[in-house]
Amino acid sequence: DYDTIVRELSSAIRAELDYTTEARVMSEVANLFADDPHVVVPRPITALCTPRVLTATFVEGRKITTIESVTSDDP
């Protein structure tokens with residue numbers, strides 16, 4: 001039944017576009033890498049996140065094209 005397929009697809013797409021889910025996943029990933037000084041994950045600012053807006057902390061970084069080599073000693 002096409003109506004059932006369209007409803008299921010619509011529901012799945014809406015779930016994928018819900019930024020509160022993305023904020024939760026960002027927090028989980030940040031927690032997983034909390035002890036690794038080589039990985040920095042922005043943290044969501046939950047008070048400013050909605051299903052249509054994702055707001056996160058600013059992370060200073062470098063463009064990947066400017067990094068000549070990456071070793072385990074690099075900060």
Side-chain angles (χ1 to χ4, degrees):
D1 178 345
Y2 289 117
D3 288 338
T4 302
I5 293 170
V6 169
R7 278 193 299 275
E8 287 182 23
L9 182 59
S10 176
S11 176
I13 289 172
R14 280 194 198 99
E16 281 294 315
L17 295 174
D18 183 346
Y19 289 133
T20 55
T21 302
E22 188 68 21
R24 181 182 47 77
V25 171
M26 284 175 69
S27 291
E28 291 173 6
V29 171
N31 289 337
L32 286 173
F33 288 99
D35 296 331
D36 189 332
H38 296 96
V39 178
V40 179
V41 179
R43 296 220 177 238
I45 302 171
T46 55
L48 301 176
C49 292
T50 70
R52 299 189 76 193
V53 175
L54 177 62
T55 306
T57 57
F58 178 77
V59 175
E60 189 73 38
R62 298 179 282 179
K63 284 186 174 184
I64 193 70
T65 56
T66 64
I67 300 172
E68 291 181 20
S69 68
V70 178
T71 67
S72 61
D73 296 332
D74 287 343

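This structure is a prediction, so every number in the text was calculated from the model and none was measured. Sequential numbering from 1 along the given sequence is applied to the chain's residues.
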(request) Provide the closest heavy-atom pair for T50 versus T20 in the form atom of the first, atom of the second, distance. (result) C-CG2, 3.6 Å

(request) Starting at CD1 of I45, measure out to CG of L54 and round the result to the nearest 0.5 Å. (result) 9.5 Å

(request) Scan side-chain atoms only and decide if R14 and S10 contain a donor-acceptor pair under the 3.5 Å cut-off. (result) yes

(message) For residues V25 and V39: do they belong to one hydrophobic cluster (side chain heavy atoms under 4.5 Å, members Ile, Leu, Val, Met, Phe, Trp, Tyr)?
(response) yes

(request) Treat each ILVMFWY residue as a node, draw an edge where side-chain heavy atoms are under 4.5 Å apart, and state whether L17 and L9 are in one component. (result) yes

(request) Determine the minimum heavy-atom distance between P44 and S27, stating which atoms define it. (result) CG-OG, 3.3 Å

(request) Take R43 and N31 through the test side-chain contact (heavy atoms from CB on, under 4.5 Å) and record every step on the way to the result. (result) CA-CA 9 Å; R43 296 220 177 238; N31 289 337; 3.1 Å; yes

(request) Would you name the heavy atoms of D18 and P51 that are closest together and state the gap between them? (result) OD1-CA, 3.3 Å

(request) Answer yes or no: are there more than 12 heavy-atom neighbours, outside D35 itself, under 6.0 Å from its atom CG? (result) no

(message) Nearest 0.5 Å, please: how far is CZ in R7 from OG1 in T4?
(response) 4.5 Å

(message) Looking at every non-hydrogen atom in both residues, tell me the closest pair between T55 and L48 and how far apart they are.
(response) OG1-O, 3.3 Å

(message) Looking at E28, I'd like to know if its CD atom is crowded, meaning that more than 12 non-hydrogen atoms belonging to other residues, nucleotides or ligands lie closer than 6.0 Å.
(response) yes

(message) Within the 4.5 Å heavy-atom criterion, are M26 and V29 side-chain neighbours or not?
(response) no

